[in-house]
Every structure is written in structure tokens, then in C-alpha cells.
Amino acid sequence: MPDPLVPRALRLGIAGPVGVGKSTLIATACRVLADELALAVITNDIYTDEDARFLRSAGVLDPERIRAVETGACPHTAIRDDVTANLLAVEDVERDFAPLDLVIIESGGDNLTATFSPALVDAQIFVLDVAGGGDVARKGGPGIARADLLVVNKTDLAPYVGVDVTQMVHDASDAREGREVLALSRNDPDSVARLRAWILDMLAAHRSGAHEPQDPGPMAPHFHADDSEAGGYVHRHDGDGTHAHAHPASR
């Protein structure tokens, strides 16, 4: 039986589109935290355990601490709509390696609307990368707007893809209304140190009860261009499943 006096592990979700470097971010986090925290990882893929095998081969943790969930469906289904398979995997690894400090749950690659249910994770990081385009942070979505942390990943590639990292981070900060944005490269020790510090701060807040899991909720309001005098309209998805749009006042 779990000791009620020992705080449950922080469950941290990592979401974002295909190819943004979620697995590599997790490997980086494990390397810098494994000496001070007891860690485990749950990966999600539709038909394979590819991400789990990548992390095991990277040697960042005992292979038994890295578990794979094959969702058999769109990634968001298993992290938001029906979290049963992931929740069972988390509970199993927490029991097998108790006490754990941190369980990282990686979503399969999805689109900009994918977020974790607060029934599964205590906090979540949404990941973009510069190779996806400098404008992607302006496109909105609940992960970009309201995840606990937004990471702009692979900043070392920016010169090769013509992206201004400073501008991309500025756009992301505007989309998040001041919520934290981290520009990250696994080859940049300063940014890796900031990632480590953020995770440790979140763990401390979780243990003290200062952090309350948030549901990013429906898609954030976003702008659609059209031929109107205003140049477009703001489209909103309300929590009851309805949609609304309104043209902004003409300038």
C-alpha cells in the first residue's frame, strides 16, 4: 500500500506535434535529473513502442523504468478522452519503483489542439520547434496558450531554417499572455539548466500543494483572415461545444 505520508510523484505531460523533439527533450531532462530524482517515463505511440525503445537505447534510465503504451488510436484519445491505459501504466510504474519523484508521460505526436487531461497529469509542457516555422506560435491552440510551459525547441537549428528565435519567443509570449516560454536546445547548457530548474520548481510546488492541475480546456480563440473590412474575425470554441465568431472593430 502507498504510504499516505509520502507525496505522490509529480506526473508531467509532454505534448506537441510530430517531430518537435519530445523524446529528445525527455532524454535531456532525464540526464540532468536522474542523479537527484527517482524518475520513470511512459511513452505513447499508435502502433509501436518506438519512443520507448529510443529512450531505452539512449541509456538515460533503467530500461524497466520506461514503459510504452500503444494507443491504437489518435494520440489525444489516450491522453485526454480516455486516459485509462496511461493511468494504469503510471500506477504500475509508481508501484514497481516506489517511491518515485517524477513520472514523465509523452504524448504521441499530434496537432496543436492536443492537451492532457488533468485526470492524468499534474502539469504539462507543450513543445514546438523552429523547424516547424517561425509563425507556428501565432497559430494558437490550447497547448500553446495554456500549458504550464511552452518550449520552443531545437533553437540551434534556427539559422538553417531562417527562423528568428527572439521573434518566435515574443510571438509565443503574446499568445500565452505572459505565461512562461522556454527557448531550448539540448546543445545549450544554459537552456537545459532552465528546463531542469523549471521541473524542480514544479515538483516543489506539487509537493507543497501550491500547484493545482489545470485543464487547458477548449481551443484558444484564434484569428481567421477574410475579405471583410476588419481583415478577419476571432473564432472561439466555447466549453459547451458551441462555436462563436466576431469581427473585431474596424481600425
Side-chain angles (χ1 to χ4, degrees), residues 2 6-30 33-34 37-56 58 60-127 141-143 146-151 199 202-203 206-207 211-219:
V6 176
R8 177 177 60 71
L10 172 68
R11 298 170 180 174
L12 176 63
I14 311 291
V18 173
V20 296
K22 297 185 295 296
S23 298
T24 302
L25 183 154
I26 292 169
T28 299
C30 288
L33 291 167
L37 298 180
L39 306 172
V41 176
I42 307 295
T43 67
N44 280 236
D45 283 296
I46 298 178
Y47 300 121
T48 72
D49 61 351
E50 179 67 27
D51 290 337
R53 287 191 284 117
F54 164 77
L55 290 169
R56 291 172 188 140
V60 294
L61 291 178
D62 175 349
E64 291 299 316
R65 292 175 177 259
I66 301 169
R67 308 282 175 90
V69 171
E70 295 183 29
T71 64
C74 292
H76 66 263
T77 302
I79 66 168
R80 184 168 184 86
D81 301 336
D82 180 358
V83 302
T84 305
N86 273 297
L87 197 56
L88 289 172
V90 170
E91 291 173 348
D92 284 348
V93 78
E94 287 180 343
R95 181 187 63 248
D96 293 346
F97 295 98
L100 288 175
D101 298 305
L102 173 65
V103 179
I104 301 174
I105 305 162
E106 178 185 6
S107 170
D110 208 320
N111 57 37
L112 297 179
T113 68
T115 57
F116 286 85
S117 167
L120 177 60
V121 301
D122 303 301
Q124 51 193 295
I125 297 174
F126 198 83
V127 186
R146 296 187 292 275
D148 296 279
L149 176 67
L150 178 66
V151 168
I199 294 173
M202 181 58 69
L203 176 59
H206 167 70
R207 286 174 168 169
H211 174 73
E212 182 175 344
Q214 300 295 313
D215 186 350
M219 184 180 293

Sidechain N-carboxylate O distance under 4.0 Å for R67, D96: yes
Report yes or no: does E70 contribute a side-chain atom to a donor-acceptor pair with the main-chain N or O of A68 at less than 3.5 Å? no
Smallest heavy-atom separation, F116 atom then R80 atom, equals O-NH1, 3.5 Å
Heavy atoms only: give me the nearest V93-A40 pair and the separation to one decimal. CG2-CB, 3.6 Å
Keeping T77 on the side-chain end and C74 on the backbone end, is there a donor-acceptor pair under 3.5 Å? yes
Strictly distance-based, threshold 3.5 Å: is any side-chain N or O of D101 a donor or acceptor partner for the main-chain N or O of A38? yes
Output, in order, the C-alpha distance, side-chain angles, deciding distance and verdict of side chain to side chain contact (heavy atoms under 4.5 Å, CB included) for I42 and V103. CA-CA 7 Å; I42 307 295; V103 179; 4.1 Å; yes
Determine whether R146 and Q214 satisfy the following criterion, side chain to side chain contact (heavy atoms under 4.5 Å, CB included), listing intermediate values before the conclusion. CA-CA 9 Å; R146 296 187 292 275; Q214 300 295 313; over 6 Å; no
Kindly say whether I66 contributes a backbone atom to a donor-acceptor pair with the side chain of R56 at under 3.5 angstrom? yes
Would you check if D215 and S117 make a side-chain contact, meaning some heavy-atom pair closer than 4.5 Å? no
Between D51 and K22, is there a salt bridge with N-O shorter than 4.0 Å? no
Just by modelled atom types, is the P213 backbone N or O under 3.5 Å from a matching donor or acceptor in the H206 side chain? no
If I take atom CZ from residue F54 and atom CG from residue D49, how far apart are they, to the nearest 0.5 angstrom? 13.5 Å
Considering all heavy atoms, the nearest N44-A78 contact: OD1-CB, 3.8 Å
Can you name the closest pair of heavy atoms from A73 and I46 and give their distance? O-CG1, 3.4 Å
Could you state the interatomic distance from CG (L102) to CE (M202), rounded to the nearest 0.5 Å? 11.0 Å
For T115 and Q124, test the side chains for any donor-to-acceptor distance below 3.5 angstrom and give the result as yes or no. no
Heavy-atom pair with the smallest gap, counting every atom of A114 and H76: CB-CB, 4.4 Å
In this structure, CG of L33 is separated from CD1 of I26 (nearest 0.5 Å) by 12.0 Å
Between CD1 on residue I14 and CD1 on residue I79, distance to nearest 0.5 Å: 11.0 Å
Search all heavy atoms of L87 against all heavy atoms of L120 and return the closest pair with its distance. N-CD1, 3.9 Å
